[in-house]
Every structure is written in C-alpha cells, then in structure tokens.
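First the structure, in the form of structure tokens, and then the observations on it.
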Amino acid sequence: MSAEKDRWSSKAYTSAASFVPQLTTTVVSYLSAQPHERILDIGCGDGPLTAQIAAACAPGAVLGLDASESMIATAQEQHGPGSEHGQENLEFKVHDCTQLAQCADAMEVQGGGWDKVFSNAALHWILRSPSTRMNVLADIYACLKPGGTFVFEMGGKGNVEAVHAATIAALVAEGVDIVTAREACPWFFPSQEWMRAALGEVGFEVCKVEVEYRPTRCTERAGDGSGGLEGWVRLMCAAMLEAAEEGRREKVVRRVVQTLESVVTREEDGSMWLGYVRLRGVARKPEDV
Ligand code: BEZ
C-alpha cells in the first residue's frame with residue numbers, strides 16, 4: 001500500500017496513454033517468458049501486458065504490483081482470475097513498489113522466489129525518490145532466484161523533455177518558485193551510465209542497457225474531452241500541476257498545452273508527437289550467490 005495520493009484513473013490512462021502497453025515488442029522479447037516460470041511485474045498498471053506475460057508462462061505464475069488502487073481494480077476486473085478472459089495463474093495486488101521488501105508476496109520464500117522480474121513504463125515513477133532508489137533495485141535483486149533476470153523499460157535521460165520544460169516554465173509564470181517547480185517533477189529519467197552503475201552496485205551482472213529515441217503519437221482527443229495532448233498533460237503531469245495554487249492550475253494546463261502544441265505538432269497532418277526516450281535493459285543475478 002502507499003500513503004501517496006492515487007492520481008491515476010485507469011479510464012483517463014486509457015484515453016491518454018493507451019499506446020504504452022502496445023509499444024512493448026522489444027522488452028517483451030527480452031523477457032522471453034517460458035512455461036512454468038514465476039514472474040513478478042513491478043508497476044503493472046491496468047495489467048494488459050501482465051496478462052500477456054501470464055499467458056506465455058502458464059502454468060507458471062505472475063504477480064502484478066501497482067500502487068494505484070484504480071489501476072489494480074481495472075486489472076482485476078479485466079484480467080484477474082474469475083474475470084471473463086481471466087487467467088488462473090495471474091494475481092494483482094495494490095502495493096507501493098518503492099517499498100518492495102514490505103510486500104510479503106513479492107519477497108516470498110524469504111526473497112529469491114522469482115525467475116524473472118519485469119517492469120515496463122513504471123520505474124521512472126518508482127525510482128523518483130533518491131532516498132528509496134537504490135533500495136528498490138536491491139529489493140528486485142533479492143526477489144530473484146540465483147540466475148534470475150530483471151528485464152525493464154522506462155523513460156531515459158531526455159524523456160519528454162519539452163513537456164518537462166514547458167511545465168516548469170508555466171508553474172513559474174503562475175507564481176511557483178523555481179526550486180518548488182523543479183522538485184515537483186515526479187519522474188527520474190536516468191542515463192545508460194547511471195543505470196549500469198546502479199545495477200552493478202546492487203550485485204547484478206548487466207547484460208545490456210540500451211537507449212531508443214521513440215517519438216510517440218498522442219492519442220486523439222475523445223468526445224468527452226479526455227485524451228489528446230491536454231489529457232496526457234493532466235494525467236501524467238498531475239503531481240507537478242499540484243505545485244500551483246488550485247485556482248491557477250487551469251491556467252498552467254493551458255500554458256503548457258499552448259507551448260507544447262507549437263513544438264510537437266507535425267505540419268503535414270496536425271498529429272502531435274511527444275519525444276519519448278526509452279531506457280531498456282536486462283540484468284542477471286549471478287548463479288553462485
Ligand atoms: C514514460 O512512459 O516515459 C512517461 C510517460 C509519462 C510521463 C513520464 C514518463
């Protein structure tokens with residue numbers, strides 16, 4: 001569980017970022033889930049990818065963890081045991097992954113119970129705080145069997161840079177001081193070098209850490225006003241928007257969207273593309289530990 005406010009709504013996520021679980025061919029191929037494996041998915045969101053992994057490793061077991069009650073409720077409803085297309089080898093739990101060691105199910109068999117740990121598009125939130133960052137990586141290591149692998153994809157250095165800059169500038173224009181605006185950023189987008197060193201420090205053998213610049217098309221704005229660039233900003237930047245006084249937040253959203261529109265819109269068809277940078281890797285826990 002998490003004391004953090006749940007800013008996620010699985011409905012808003014589907015409107016604004018339904019592309020996230022769809023752009024995962026490479027990281028899923030690195031995971032290469034095999035029948036009988038036990039796989040832990042960290043920051044599983046509303047679970048479509050977790051369900052795909054569970055199907056691939058059946059009759060093994062998959063546990064998806066996420067701090068958002070809204071996301072886990074949707075995951076249970078759509079993919080959990082007992083749901084229409086649910087799988088018996090798949091379980092979801094609400095848990096704050098910055099505190100993995102406190103999750104008895106994740107650390108079961110006193111740690112070391114999982115063949116693989118997987119994470120897609122979540123570690124940039126989970127590793128945000130410098131005070132828990134290294135513990136998260138150490139706990140992932142502890143969850144794995146000797147010889148087990150950790151496979152991840154997350155935002156890397158420079159990810160959604162224009163959004164980050166536009167949001168800080170809009171907050172400052174609405175009276176937030178620069179230090180507060182910077183500190184309100186809810187993400188950590190590490191470089192390849194940082195990630196390699198951090199994985200090595202907790203004991204992993206790093207098999208690969210790679211970077212891909214992947215401009216990603218925003219969803220269309222839906223009839224109910226959700227989705228599109230604005231929906232993306234409202235959902236993904238929610239923690240930053242809260243740094244402004246309540247009465248000034250709408251103005252911040254408008255400024256951010258107006259600034260971004262001029263940077264991210266393609267002249268040829270009016271589509272809008274955000275500058276996603278993916279950091280992807282595979283690391284192995286040595287056999288002889
Ligand atoms: C990402 O998946 O890279 C991401 C999306 C939204 C905000 C921050 C990061």
Side-chain angles (χ1 to χ4, degrees), residues 4-28 30 41-50 64 66-68 70-71 97-98 118-129 133 136 151-171 181-192 194-195 209-219 226-243 252-253 256-257 259-260 263-264 272-281:
E4 267 267 306
K5 176 171 166 186
D6 187 358
R7 297 185 179 89
W8 293 102
S9 133
S10 84
K11 186 168 175 285
Y13 186 78
T14 303
S15 292
S18 51
F19 49 77
V20 172
Q22 290 163 18
L23 298 169
T24 51
T25 317
T26 308
V27 72
V28 169
Y30 289 173
D41 184 0
I42 293 188
C44 64
D46 57 359
L49 202 49
T50 328
D66 201 283
S68 164
S70 167
M71 290 295 206
C97 295
T98 66
F118 177 77
S119 186
N120 179 56
L123 283 175
H124 41 261
W125 309 95
I126 296 166
L127 298 180
R128 164 66 183 89
S129 168
R133 196 171 283 163
V136 173
V151 178
F152 65 90
E153 183 168 315
M154 64 187 293
K157 193 87 193 146
N159 193 36
V160 294
E161 210 165 49
V163 178
H164 194 174
T167 310
I168 289 179
L171 286 171
R182 278 185 187 145
E183 284 175 356
C185 172
W187 316 306
F188 175 58
F189 297 136
S191 65
Q192 256 171 307
W194 186 93
M195 201 56 172
V209 177
E210 61 195 23
V211 169
E212 180 190 356
Y213 177 59
R214 189 172 70 200
T216 301
R217 187 181 177 143
C218 285
T219 57
S226 65
L229 180 59
E230 184 181 325
W232 192 99
V233 168
R234 286 187 189 280
L235 181 69
M236 301 299 194
C237 303
M240 290 184 89
L241 300 175
E242 285 170 19
V252 174
V253 172
V256 174
V257 171
T259 305
L260 286 176
V263 178
V264 307
M272 291 182 192
W273 294 70
L274 296 175
Y276 275 53
V277 176
R278 302 287 86 187
L279 183 69
R280 198 182 297 123

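Both ligands and their constituent atoms are indexed starting at 1 by order of listing. Positions are given from 1 along the sequence.
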For ligand 1, which part of H124 has a heavy atom less than 4.0 Å away: the side chain, the backbone, both, or neither?
side chain
I need the atoms of ligand 1 closer than 4.0 Å to a non-hydrogen atom of [X], numbered in the order shown.
{"X": "W232", "answer": "5 (C), 6 (C), 7 (C)"}
{"X": "F189", "answer": "8 (C), 9 (C)"}
{"X": "M236", "answer": "6 (C), 7 (C)"}
{"X": "W187", "answer": "7 (C), 8 (C)"}

Who pairs with R234 by side chain to side chain contact (heavy atoms under 4.5 Å, CB included), at least two apart in sequence or on another chain?
E230, E250, V253
side-chain contact (heavy atoms from CB on, under 4.5 Å), paired with M154, selected from L123, V27, N120:
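Considering L123, V27, N120, a side-chain contact (heavy atoms from CB on, under 4.5 Å) with M154 is found only for L123.
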Any side-chain heavy atom of Y276 within less than 4.5 Å of one from L23?
no
Report yes or no: does a heavy atom of R278 sit under 4.0 Å from some atom of ligand 1?
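It does; at least one heavy atom falls under 4.0 Å.
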Provide the closest heavy-atom pair for P190 versus L279 in the form atom of the first, atom of the second, distance.
O-CD2, 3.6 Å
Determine the minimum heavy-atom distance between A121 and R278, stating which atoms define it.
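In terms of heavy atoms, the two residues are closest at CB-NH1, 4.4 Å.
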Tell me whether N159 has any N or O atom under 3.5 angstrom from an N or O of ligand 1.
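By distance alone, the answer is yes.
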Can a side-chain donor-acceptor contact be found between T50 and D41 if the only test is distance below 3.5 angstrom?
yes
